[in-house]
Structures are given as structure tokens and as C-alpha cells.
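Numbering of ligands and ligand atoms starts at 1, following listing order.
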Amino acid sequence: MPASKNTYSQEHAIHLDKQDELASYRKEFYIKEDSIYLDGNSLGLLSKRAEETLLSLLDSWKNYGIDGWTEGEHPWFYLSESLGEKMAPLVGGLPEEVIVTGSTTVNLHQLVASFYKPDDKKTKIVADELNFPTDIYALQSQLKLKGYDPDKHLIEVSSADGHTLNEDDIIKEMKDDVALIVLPSVLYRSGQILNIERLTAEAHKRNILIGFDLCHSIGSIPHQLSEWGVDFAFWCNYKHLNGGPGGVGGLYVNKKHFGRHPGLAGWFSSQKDKQFDMDHELTPAEHVGVYQMGTPHVFSIAPLIGSMSIFNDAGITNIRKKSLQLTRYMMDLISHELAEHGFTIRNPKEDHKRGGHIYIEHPEAARICKALKAKNITPDFRSPNGIRLAPVALYNTFEDVWKSVQVLKTIMEEELYKQFKNERGVVA
Ligand SMILES: *Cc1c(COP(=O)(O)O)cnc(C)c1O
């Protein structure tokens, strides 16, 4: 089909889908008929490959009993390491720098316990006022554990516009008394990408360690953590990586920090061949594996094995390219079709600053989201007035984006949202 002259037409959306080199992956996912899922940045959808690996690990329990730790296609004892190696290209790390373990919150606790070493001069931790609450709670409790008052020792860089951070403001807070910096790679609301390379270089100039929360960037944008010299990073695997609800998370530690004991040790921090010696003196693993604590949650890792094979086949560069096209297309349609309806686009517009989702605000956001759900479109409401829309490269189409904006237009023109109460539900 030739390109339609009218870039706002449905024909144009269909034309874009025909040119999409990742289009074949959509049929690998479970997508409810006649529905559009735009919440893959909160919980990614189940793929057939992820389902298969989950069932395969159930089978290995069935068939091997305890021998499943070392037998079968995916021996449980080595799963965290082997999957970490496969995940390393997504963060631009070496195979021995990435491990699948814990959860975002647990991994942050582990990494701060390991890398926050206050002394007479350096005691403060720098974070930001737009960060996800769990990150802030973890930093506050780590400070308290070391005997410091979070009100004085946790510096939250403020945002001038309430949606984005200015990197110069962050650098201004990199003072002599700062020991550690923890920031998101992509802000969970506005989707702003922070310049990890620049912030890392500036932190290191001042002898400050720096780590990043990759929850909203992993699986949607490429990273070069080793090249940039980032000290550590952590993330969850259930958002863009489609690892399943409550799925096990991941972490990265730069190899320059290898050879130390972790802040929070457990028997899985051990060198693998020494672990079953049951010695009371830990022989720490020589790589990132040392940041594990206890027995891995095998069934909560299992779907990720299948999901990661999709990412390795599709390639993160291709995923990012399509994601940028989708979000650009969505912004264009929103600006064109919804101009009169009081929406404000709050995510950064530039490609190099925009993550994998669009963030719009509207005073009636809560009930607009309910009206969308009633029309089988799943958005992501963020209290009090935000709507996140994530067209995901692996399973959303350009036509999904076109249809969603059309439905949104109908909801506004016909005031269908007024049939709902403007208040949030329990989740979101
Ligand atoms: C999703 C998310 C989390 C979630 O943490 P869990 O430990 O998996 O519950 C934490 N931080 C950020 C920035 C997130 O986006």
C-alpha cells in the first residue's frame, strides 16, 4: 500500500505497520482480542516463549526433584548467572557484571549497603524529588541504619517544573560531603531520560560513587554502563522485559568493584564451588554473583528465560528505533486530534530525552482512564492527573496508537468520561 498523503489517517497507520520490521513478534504475545494494551511499562504482557520456559521449569521439578538444581535444560543452581550473561547486552555490561536476583527494592538495599561507606568528610546521599517512593524509602532506611538523619543526609534534587530534572541542578549538588548518588535512568512519570554518561563522569570527578535505577529503561532503550563507568545499577524485569508479575529483578556492578564482600551477605554470595562446603567463613564470588543472598526464586525467574530470547532475537537497537517512532507518532496524533480537549504533553519531546512512554495530564485523568478501560484500552493512571501511555515495540502496532487516540477523542467529544467518578482505584 502506498503511503497516504494524510499522515493522520488510519491508512497511514496501516502503512506504517506494513513497514514494521518487528511486526512478527506481536503474534508471540497473549493479547486479548479487540483490546489495546498500553501499560507495558508497568506490567509487560505474557509471551508464548515465557510461558514455555515457566512450564519447562515446572517440569524439571516434576522430573528431577532435588536434582533439578544441576540437571535439565535450565539447571536452577546456575540460572541467575546464565540469565545475567544473556541480559548483559541490554545494559552494556560484561557477562560477569550482571546477575538476575532480588527485586528493585531489595537490590537497592544490597547495593547501598555495599557502596555507601560514609566517613568523616563524606556522609550524604543525593537522590531526586521525582523518584519512585520505594527508592527514597530504601535510601532513608539505609541512612538510619548507619546512624544518620535522612532529613539532613538525604539530598533530593528538586525539579523546576515538577516533571523533569535539570542535569546541571544535579551536578550542583555533587558537593564534597556527598558519598553516593542514586538516580533513575528514566523518570517513571515524565519518561525523561537522564544523561547517565555525563552524570557519571561528573560524579567521578568529585570522587563520588553513582548508581542508577533502570526500571523504566531496561528493555526499552540501550545502555552502555561499562563504557560509561557506572558503579552499579538495578532494575525490575516485569515492566518492558515482560518477565511476569513479581518476577525476579536484576543488578549490575562494574568489575572495578569486584573482589569485595557484599554489604548483605548470604550463602549464595559464595563462590559456587565452595558454597556446599558449608564453611562459616564466606568465600565471596569473584564477580557480580556475590550480591546474591539466598536461594533464587526459580519460578519467578523462569518466564524471563523465554522473554530474554525474544529481546536477543529482536535486538534492543531495533526495539528502541520502533519505540521512538511509536511515541513520536502518538504525540503527533495527540497534538493534532486532541488539541481542543485540554491535554498537556509532559514528557520530553526530543528523541534523546524521551523514554518508552508518553505522559499526558488532564484534570479529569482518573475518569478518562476509566472510560478508556471501558473501551478495552489499558492506559496507566498516575494520581492526581497523569496518564501514561506506553506503545510497546514488541507487541503494539501503529494502528493501536491511531485507534487509541481516536477512542480518546470520542470519549472527550461525547463526554463519556462523565459516566465515571474522578477518583483512583487501589492500584495506580
Ligand atoms: C517499578 C519501579 C520500582 C518497583 O520496585 P519493586 O521492588 O519491584 O517493587 C522501583 N523503582 C522504580 C523507579 C520503578 O519504576
query: What residue and heavy atom of the protein are closest to atom 5 (O) of ligand 1, and at what distance?
result: Thr104 CB, 3.3 Å
Provide the number and element of each atom of ligand 1 under 4.0 Å from a heavy atom of [X].
{"X": "Ser103", "result": "7 (O)"}
{"X": "Lys239", "result": "1 (C), 2 (C), 3 (C), 14 (C), 15 (O)"}
{"X": "His216", "result": "15 (O)"}
{"X": "Asp135", "result": "10 (C), 11 (N), 12 (C)"}
{"X": "Tyr238", "result": "1 (C), 4 (C), 5 (O), 6 (P), 8 (O), 9 (O)"}

Validate the cation-pi geometry between [X] and [Y]: distance from NZ or CZ to the six-membered ring centre under 6.0 Å, angle to the ring axis within 45°.
{"X": "Lys409", "Y": "Phe343", "answer": "no"}
{"X": "Lys370", "Y": "Tyr417", "answer": "no"}
{"X": "Lys48", "Y": "Phe29", "answer": "no"}

field: Centroid separation Trp267 to Phe276 less than 6.0 Å
entry: yes
- prompt: When the aromatic ring centroids of His257 and Phe232 are compared, is their separation below 6.0 Å?
  reply: no
message: If you count every heavy atom of other residues, nucleotides or ligands that lies below 6.0 Å from Gln224 atom CD, does the total exceed 12?
response: yes
Option set Thr134, Leu214, Thr105, Asn41, criterion heavy-atom distance to atom 10 (C) of ligand 1, minimum: Thr134
- request: Please indicate whether any nitrogen or oxygen in Tyr188 is less than 3.5 Å from any nitrogen or oxygen in ligand 1.
  value: no
task: Check whether any N or O atom of Asp213, backbone or side chain, sits under 3.5 Å from an N or O atom of ligand 1, and answer yes or no.
output: yes
message: Under a 3.5 Å cutoff, is there a donor and acceptor pairing between the side chains of Arg189 and Tyr359?
response: yes
